[in-house]
Amino acid sequence: MTDQPRYEPRIDDGTLYLERDDHSLEIGSMDHIVELAGGETYTIEYTDEQSAAAWLDTDDDNAITFEVREVVGRLPHTPDLVTNLENAPLEETTDDGYPKRTSLFVDLFTEILDSKGNLEA
């Protein structure tokens with residue numbers, strides 16, 4: 001099985017885009033992404049068993065905290081995720097006033113993080 005090429009993030013003038021080859025998809029304002037993620041930092045909590053993995057460097061509370069802007073700016077995404085985002089209009093807003101595409105991106109992004117990369121869990 002071959003991995004499909006992923007969409008790389010690009011932040012331009014405070015706006016996140018996901019790009020691959022000649023395809024670019026605007027996701028939305030980084031300020032909105034940070035607000036929807038709950039702030040500038042995001043924390044993932046692990047069980048004692050999970051945090052015992054030698055490669056995982058958790059703090060004393062079995063957690064890892066990172067900068068949202070940094071991770072959003074580095075994490076590539078699958079074509080399937082991008083297709084889901086394309087179906088969410090950037091021009092329409094949620095009840096909270098955020099663009100639907102931006103809100104969906106944060107929902108999917110935090111789901112990936114909270115599942116610790118295992119969406120089958």
Side-chain angles (χ1 to χ4, degrees):
M1 177 200 267
T2 14
D3 288 333
Q4 294 180 337
R6 293 186 174 252
Y7 282 76
E8 297 294 329
R10 176 177 63 88
I11 300 170
D12 186 17
D13 199 26
T15 300
L16 174 66
Y17 298 86
L18 298 180
E19 300 181 328
R20 185 181 85 192
D21 301 327
D22 61 347
H23 184 236
S24 179
L25 181 66
E26 181 178 346
I27 301 303
S29 157
M30 282 301 298
D31 289 341
H32 287 165
I33 290 169
V34 167
E35 289 170 16
L36 287 163
E40 293 289 337
T41 60
Y42 195 85
T43 301
I44 303 172
E45 297 177 356
Y46 293 86
T47 65
D48 289 340
E49 184 179 339
Q50 290 170 325
S51 67
W55 57 268
L56 193 58
D57 187 20
T58 59
D59 62 20
D60 292 340
D61 296 323
N62 293 336
I64 295 176
T65 300
F66 56 86
E67 300 292 322
V68 171
R69 292 176 194 272
E70 180 181 333
V71 173
V72 166
R74 290 186 310 163
L75 186 66
H77 297 283
T78 65
D80 289 341
L81 183 135
V82 171
T83 298
N84 285 338
L85 293 170
E86 285 175 325
N87 292 323
L90 192 60
E91 304 78 22
E92 293 180 22
T93 59
T94 64
D95 292 340
D96 295 332
Y98 294 100
K100 286 186 176 182
R101 183 179 298 156
T102 307
S103 183
L104 178 60
F105 171 80
V106 174
D107 288 348
L108 295 171
F109 176 73
T110 56
E111 181 180 345
I112 291 166
L113 296 177
D114 290 339
S115 70
K116 293 134 184 111
N118 180 9
L119 290 177
E120 302 302 317

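Note that these values count all heavy atoms, side chains included, but never hydrogens, waters or copies made by symmetry.
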Checklist entry - Do any pairs count as a salt bridge (Lys or Arg N to Asp or Glu O under 4.0 Å) and have a residue in residues 95-107, sequence neighbours left out, and if so which ones? => result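 Sorted result for residues 95-107: Glu92-Lys100.
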Should [X] and [Y] be counted in the same cluster of Ile, Leu, Val, Met, Phe, Trp and Tyr side chains packed under 4.5 Å apart?
X	Y	value
Ile64	Val72	yes
Leu90	Leu25	no
Phe66	Met30	yes

Item to check | Within-4.5 Å side-chain heavy-atom neighbours: Thr110 and Tyr42 | outcome: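 Yes; the side chains approach each other to less than 4.5 Å.
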Next on the checklist: Would you say that Ser29 contacts Thr102 through its side chain, given a criterion of any heavy-atom pair below 4.5 Å between the two side chains?
Outcome noted: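 Of all side-chain heavy-atom pairs linking Thr102 with Ser29, none is under 4.5 Å.
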List the atom pairs, donor and acceptor, that lie under 3.5 Å between side-chain atoms in residues 80-87 and the rest of the protein, sequence neighbours left out.
{"unit_1": "Thr83", "atom_1": "OG1", "unit_2": "Pro79", "atom_2": "O", "d": "3.0"}
{"unit_1": "Glu86", "atom_1": "OE2", "unit_2": "His23", "atom_2": "NE2", "d": "2.8"}
{"unit_1": "Asn87", "atom_1": "ND2", "unit_2": "Thr83", "atom_2": "O", "d": "3.2"}

Going by the rule side chain to side chain donor-acceptor pair (under 3.5 Å), which residues pair with [X] if we only count those two or more places apart in sequence or in a different chain?
X	answer
Glu35	Tyr98
Thr43	Thr65
Arg69	Asp31, Glu40
Glu70	none

Next on the checklist: Tell me every residue that passes salt bridge (Lys or Arg N to Asp or Glu O under 4.0 Å) with Glu91, counting only those two or more places apart in sequence or in another chain.
Outcome noted: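 Scan of Glu91 (salt bridge (Lys or Arg N to Asp or Glu O under 4.0 Å), adjacent residues dropped) gives none.
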Next on the checklist: For residues 73-94, which residue pairs pass the ring-ring contact (aromatic ring centres under 6.0 Å, His included) check, not counting sequence neighbours?
Outcome noted: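 Every pair satisfying ring-ring contact (aromatic ring centres under 6.0 Å, His included) with a residue in residues 73-94: His77-Phe105.
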Next on the checklist: I need the Ile11 CD1 to Ile27 CD1 distance, nearest 0.5 Å.
Outcome noted: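 So the CD1 of Ile11 and the CD1 of Ile27 are separated by 11.5 Å.
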Next on the checklist: By the definition side chain to side chain contact (heavy atoms under 4.5 Å, CB included), identify the one residue from Leu108, Ile44, Val68 that meets it with Leu113.
Outcome noted: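 Of the listed options, the one satisfying the test is Ile44.
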Item to check | Least distance between heavy atoms, Gly28 atom then Ile33 atom | outcome: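 For Gly28 and Ile33, the tightest heavy-atom pair comes out as O-CD1, 4.2 Å.
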Item to check | Shortest non-hydrogen contact from Gly73 toward Pro9 | outcome: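 That closest heavy-atom pairing would be O-CG, 3.3 Å.
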Would you tabulate the side-chain donor-acceptor contacts of residues 13-20 under 3.5 Å, counting partners in other chains and residues two or more places apart, or write 'none'?
{"unit_1": "Glu19", "atom_1": "OE1", "unit_2": "Arg10", "atom_2": "NE", "d": "3.0"}
{"unit_1": "Glu19", "atom_1": "OE2", "unit_2": "Arg10", "atom_2": "NE", "d": "2.7"}
{"unit_1": "Glu19", "atom_1": "OE2", "unit_2": "Arg10", "atom_2": "NH2", "d": "2.8"}
{"unit_1": "Glu19", "atom_1": "OE2", "unit_2": "Ser24", "atom_2": "OG", "d": "3.1"}
{"unit_1": "Arg20", "atom_1": "NH1", "unit_2": "Pro5", "atom_2": "O", "d": "3.1"}

